[in-house]
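Contents: one structure, followed by commentary.
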Amino acid sequence: MEQGQDLCRACGLCCDGTLFDLVKLEPTDDARKLKQLGLPVTHARGKAAVARFPQPCVALCADRACRVYADRPWQCRIFECGVFKDAKMGRITFAAALRLATQARRRSEKVRRLLRELGDTDEHRALGERFHRTSERLESGLADDAAKAKYADLSLAVHQLKLLAVDKFYTQTIAPA
Ligand code: SF4
Ligand code: SF4
């Protein structure tokens with residue numbers, strides 16, 4: 001599936017903190033090995049401890065390859081976004097899929113640019129978390145008119161990114177037996 005690899009290498013949105021904030025591990029995943037490989041696996045406390053690591057994933061290389069590909073967790077193995085699935089099943093061409101990925105990347109980059117311009121330069125956090133923090137800061141009433149206008153632009157950019165993500169990218173995955 002070379003075209004599928006090319007598509008994902010041009011995209012990376014399911015690993016870079018655009019579509020997801022974190023990756024949850026399944027009991028079948030080797031959390032210790034993933035930690036040894038450098039992934040910051042933590043265990044969230046609750047009724048049942050859930051091992052997870054945050055996105056943007058530290059295993060995502062500059063060329064959008066996965067550094068731990070052979071050992072990647074189950075969620076990463078099983079996930080195929082809607083665009084990828086549609087192209088794989090022949091419902092759209094890979095060229096059309098690439099155009100959608102490029103469009104989504106542009107929207108994601110616009111959100112990142114506006115976040116930076118509003119003072120959030122924490123590129124190591126997921127977009128959803130960064131937008132939430134920026135919203136809290138700017139809605140606390142301390143923003144001047146210029147920041148308020150830019151925040152309106154940011155809110156619209158996030159909305160447009162979400163629309164495309166929900167329409168074309170998100171799919172449901174089934175937990176392993
Ligand atoms: S979001 Fe879809 S096209 Fe993009 S890297 Fe993930 S699976 Fe591939
Ligand atoms: S482990 Fe690999 S496939 Fe999974 S989120 Fe990280 S870079 Fe993506």
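Indexing begins at 1, ligand by ligand and atom by atom, following the structure's order.
- A donor atom on one side chain and an acceptor atom on the other are not found under 3.5 Å apart for T18 and R105.
- Residue, atom and distance of the protein heavy atom nearest to atom 2 (Fe) of ligand 2 are C66 SG, 2.3 Å.
- The residue among V58, V68, L60, D71 with a heavy atom at the shortest distance from atom 1 (S) of ligand 2 is V68.
- Residues R113 and E109 are not paired through a salt bridge, judged by the lack of any N-O separation under 4.0 Å between the basic side chain and the carboxylate.
- Checking C76 against atom 4 (Fe) of ligand 2, an N/O/S atom falls under the 2.8 Å cut-off.
- One hydrophobic cluster holds both L37 and V58 under the rule that ILVMFWY side chains link at heavy-atom gaps under 4.5 Å.
- In this structure, atom 8 (Fe) of ligand 1 lies nearest to the protein heavy atom C8 SG, 2.3 Å.
- Backbone or side-chain N, O or S atoms of C81 reach atom 2 (Fe) of ligand 1 at under 2.8 Å.
- Using a non-hydrogen distance threshold of 4.0 Å, A101 does not register as a contact of ligand 1.
- Closest to atom 6 (Fe) of ligand 2, if we only count protein heavy atoms, is C57 SG, 2.3 Å.
- Looking at L127 and L161, their side chains come closer than 4.5 Å, going by heavy atoms from C-beta outward.
- Contact of the Y151 side chain with the S135 side chain is registered, since non-hydrogen atoms from C-beta on lie closer than 4.5 Å.
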>> salt bridge (Lys or Arg N to Asp or Glu O under 4.0 Å) for R133 and D122? Distances and angles first, verdict last.
In response: CA-CA 11 Å; R133 288 196 322 185; D122 198 350; 3.4 Å; yes
